[in-house]
Amino acid sequence: MSIESIIKGKVVEAISACYGQKVEEESVQIQKTRREFEGDLTVVVFPFLRFSKKSPEETANDLGNYLQENIEAIPSFNIVKGFLNLVIDNTYWLSILNEAVKTDNYGFIPLVEGAKKVMIEYSSPNTNKPLHLGHIRNNLLGYSVAQILKANGYEVIKVNLVNDRGIHICKSMLAWLRFGEGETPESTGIKGDHLVGKYYVKFDQEYKKEIETLVTSGMDTDEAKKKAPLLLEAQEMLVKWEAGDEETVALWRKMNDWVLAGFEITYKTMGVDFDKVYFESDTYKQGKAIVMRGLEEGVLYQKETGSVWANLESDGLDHKLLLRDDGTSVYMTQDIGTAYERFDEFKIDEHIYVVGNEQNYHFQVLSLVMGKLGYEWHDKIQHLSYGMVELPEGKMKSREGTVVDADDLMKEMVNTARETSEELGKLSGYSKEEAEDVYYKVAMGALKYFILKVDPKKNMMFNPKDSIDFNGNTGPFIQYTYTRIQSVLRKAKENGVEIPEFAKKDLNISEKESFLIQMLANYPNVIKDAGRDTSPALISNYVYDLSKEYNQFYHDFPMNKEENEDLRNFRFVLSKQVAGIIKSGMSLLGVSLPERM
RNA sequence: GGUCCAGUAGCUCAGUUGGAUUAGAGCAAUAGCCUUCUAAGCUAUAGGUCCCAGGUUCGAGCCCUGGCUGGAUCACCA
């Protein structure tokens, strides 16, 4: 039981004892005492004035006396205005520290039988071009949220839905046929997804040329866009693909395999993975039967031309198309089908889709339509909607070449990490492989932290110059804090110091030290909040604050040089615990830590 | 035009059931600290009408109303 809930309970008792009134525990507000005042925890007494019918100071005094008498860990208190500042005994904090040390996976809720089952879909790439910065945010968020939910005791299933069919895929296929001269990843040494992406761009270039030619020969621009031979041919290709034309399907398969092999490498570098991968080519027809049933039941309607619609006017939205005139599926139809299948097959309690905020409307509609169709789980569809990644020069646009390629970016981060490290010359004694491993960890730590520290729902600015900064509020700063601790512990070992598992409880510790313990004690709450809000940013901020506090402590308090053995050992135990929490928190972000840097 | 999201220091961001005269970090700027556990660190200075106007109350960056600005979206594309 945490000290906060003990105090809350006692405050309720106190109100009852002093004023004969009943209050709810939730109405008791406890917060950290502000730095400028003496004390550790503060009870806000304003809400109780109507029970006490006394001044804030008198009320605080009544409560303070009661708490001091009834809680051993409170040796004294003081009152500032309507704030009751409680001093918590060092012994108490030290026992909290030891308690945390004792607990495996401190702050994590273990997975038990019957745990809440959550599916999380993320990544969802198109197989016509390589992954870019936007995908990076998506992947990192998806992976991290999955980690956070696991830490909250959920059973988590990570899935990916690969968009491997459609006109955009045919475009790169066609361009490769026309201009590729048989190029393969092997023959060119180009990573498969980049090679295919090259032909996607090529298609667009040639397509534009055709439009231009048609326009100069007198055609209207809009018409030219529709009549350009390349586009017509791509559309024809899609028809052939859907009809199962052998040659087309073989080409499609070959090029998709190139792309998927490329993605595999990118995912591995990013450190993300999936429990199950779906392919749109398997699922795109799904949902049609469900829509037809909805039509029969009268919750959907059909237009004269044959298309099927949902009327969402009563929910303040428009009409939404679910099947085309020709009876084929649209994007929404597929999602209806896969959502049904997933809830049915996996008996999940919740489904989170990690998708950009440009699709807020889509997911709002998906949930409403599922509700109309009578699925009671329709409100368990959760859209983890994240903001766009913007560049200093504006939005990323694939066609204008302003995208930041995922592979390039990660490579550049590693290069910068290498340069910085070599400049500082800190890895002497490391082999080349060991050093490269550190560069990779630092680089990815920087990138992941940079992206995950921002509240997911907000648009974020990605300034490449800032992202490779390794000072201040960055991943490497946190990693560095960790390596400092490791260094101290190594030094202790060299000195032949046996670090005990627990700290002695009757120590006189400084405010800084007790504050660090309080921060550590708050970690479980942070995990809970991050899970509730599906926000890795909460973890990031917490770990950063903890690291910053620790660095101040590190600067001011000697450890290996401390002569008081008990105090020294306490600091080792504290440091070890801080390192453990940093490692744990960073693992929730998918960031791994080097032992030296 | 409808709907949703955002607006906090020059820049990037924190600020979670409304709480303390002084709204926090980092970057950038300036000035300091390495014969002492890793200076990718620490300390200090400077930098703010929390978009605007009303309202709610003991108290508002946070809640309510109205407006302004920016973004997203409203396809027989995915």
is_close_aromatic(A/Y284, A/W241), centroid dist under 6.0 Å:
yes
Centroid separation under 6.0 Å, is that true for the rings of A/F553 and A/Y550?
yes
For A/D193, give me all partners under salt bridge (Lys or Arg N to Asp or Glu O under 4.0 Å), at least two apart in sequence or on another chain.
A/K191
[Y] and [X] side chains, donor-acceptor separation under 3.5 Å:
X	Y	answer
A/T33	A/D40	no
A/N163	A/H168	no
A/T283	A/Q286	no
A/Y523	A/Q577	no

Considering only atom [atom1], compute the distance from [N] to [M] and round it to an integer number of Å.
N	M	atom1	answer
B/rU30	B/rU56	P	49 Å
B/rG19	B/rU3	C1'	35 Å
B/rG48	B/rG41	P	26 Å
B/rU69	B/rG59	C1'	30 Å
B/rG61	B/rU43	P	28 Å
B/rU12	B/rA6	C1'	15 Å
B/rC62	B/rA23	C1'	12 Å
B/rC13	B/rG7	P	11 Å

Assess whether one donor atom and one acceptor atom, taken from the side chain of [X] and the base of [N], lie less than 3.5 Å apart.
X	N	result
A/R596	B/rU38	no
A/N473	B/rU12	no
A/N85	B/rA20	yes
A/N551	B/rC42	no

State whether A/E242 and A/R165 are salt-bridged, where the test is any N-O pair (Lys NZ or Arg NE/NH1/NH2 against Asp/Glu carboxylate O) under 4.0 Å.
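Here A/E242 pairs with A/R165 in a salt bridge, since their nearest N and O are under 4.0 Å apart.
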Protein-nucleotide distance ([X], atom [atom1]; [N], atom [atom2]), rounded to Å:
X	N	atom1	atom2	value
A/N569	B/rC37	CG	C1'	15 Å
A/R34	B/rA20	CZ	P	5 Å
A/R50	B/rG59	CZ	P	17 Å
A/F450	B/rU12	CZ	P	10 Å
A/H319	B/rA75	NE2	C1'	15 Å
A/K453	B/rU12	NZ	P	12 Å
A/N541	B/rU16	CG	C1'	12 Å
A/I539	B/rA14	CD1	P	15 Å

Just to verify, what does A/K457 make a side-chain contact (heavy atoms from CB on, under 4.5 Å) with, not counting sequence neighbours?
A/D455
Just to verify, what does A/N473 make a side-chain contact (heavy atoms from CB on, under 4.5 Å) with, not counting sequence neighbours?
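Checked A/N473 against side-chain contact (heavy atoms from CB on, under 4.5 Å); matches are A/Y449, A/K453, A/Y544.
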So, is [X] close to the [N] phosphate, meaning a side-chain N or O under 4.0 Å from OP1 or OP2?
X	N	result
A/R571	B/rC37	no
A/K458	B/rA14	yes
A/K548	B/rG41	no

Using the six-membered base ring of B/rG19, report whether A/F46 stacks on it, requiring centroids under 5.5 Å and planes under 30° apart.
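Yes, A/F46 stacks on the base of B/rG19.
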Stacking here means centres under 5.5 Å and planes under 30°; does A/F83 stack on B/rA20?
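Per 5.5 Å and 30° rule: yes, stacked.
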So [X], base contact, sugar-phosphate only, or nothing? Heavy-atom distance under 4.0 Å.
X	value
A/D529	nothing
A/V80	base
A/F557	base
A/L489	nothing
A/M461	sugar-phosphate
A/T305	base
A/M460	sugar-phosphate
A/T474	nothing
A/Q29	base
A/Y284	nothing
A/D469	sugar-phosphate
A/T42	base

Nearest to the [X] side chain among [options], which nucleotide is it?
X	options	result
A/R484	B/rA39, B/rC42, B/rA20	B/rA39
A/N471	B/rC37, B/rG41, B/rG19	B/rG41
A/Y331	B/rU38, B/rA78, B/rA20	B/rA78
A/Q359	B/rU38, B/rA78, B/rC76	B/rA78
A/Q552	B/rC37, B/rU43, B/rG41	B/rU43
A/V44	B/rC37, B/rC76, B/rG19	B/rG19

Quick check against the 3.5 Å criterion: does A/D315 have a side-chain atom that pairs as donor or acceptor with the backbone of A/L368?
no
So how far is it from A/I499 CD1 to A/R568 CZ, rounded to the nearest 0.5 Å?
8.5 Å
Do A/R137's NZ or CZ and the ring of A/Y386 fall within the cation-pi criteria of under 6.0 Å and 45°?
no
Table of protein N/O atoms under 3.5 Å from nucleotides 32-36 of chain B N/O atoms:
{"unit_1": "B/rU36", "atom_1": "O2'", "unit_2": "A/K561", "atom_2": "NZ", "d": "2.7"}

Dump the pairs, protein N or O against N or O of nucleotides 1-4 of chain B, anything under 3.5 Å, distances to one decimal.
none

Anti or syn - B/rC34, cut at 90° from 0:
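Base orientation relative to the sugar is syn.
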If you look only at pairs with a residue in residues 528-544 of chain A, which of them pass as a salt bridge (charged side-chain N to carboxylate O under 4.0 Å, His left out), with sequence neighbours excluded?
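Non-adjacent pairs meeting salt bridge (charged side-chain N to carboxylate O under 4.0 Å, His left out): A/D529-A/R532.
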Complementary nucleotide for B/rU73 - Watson-Crick or wobble, under 3.5 Å
B/rG2
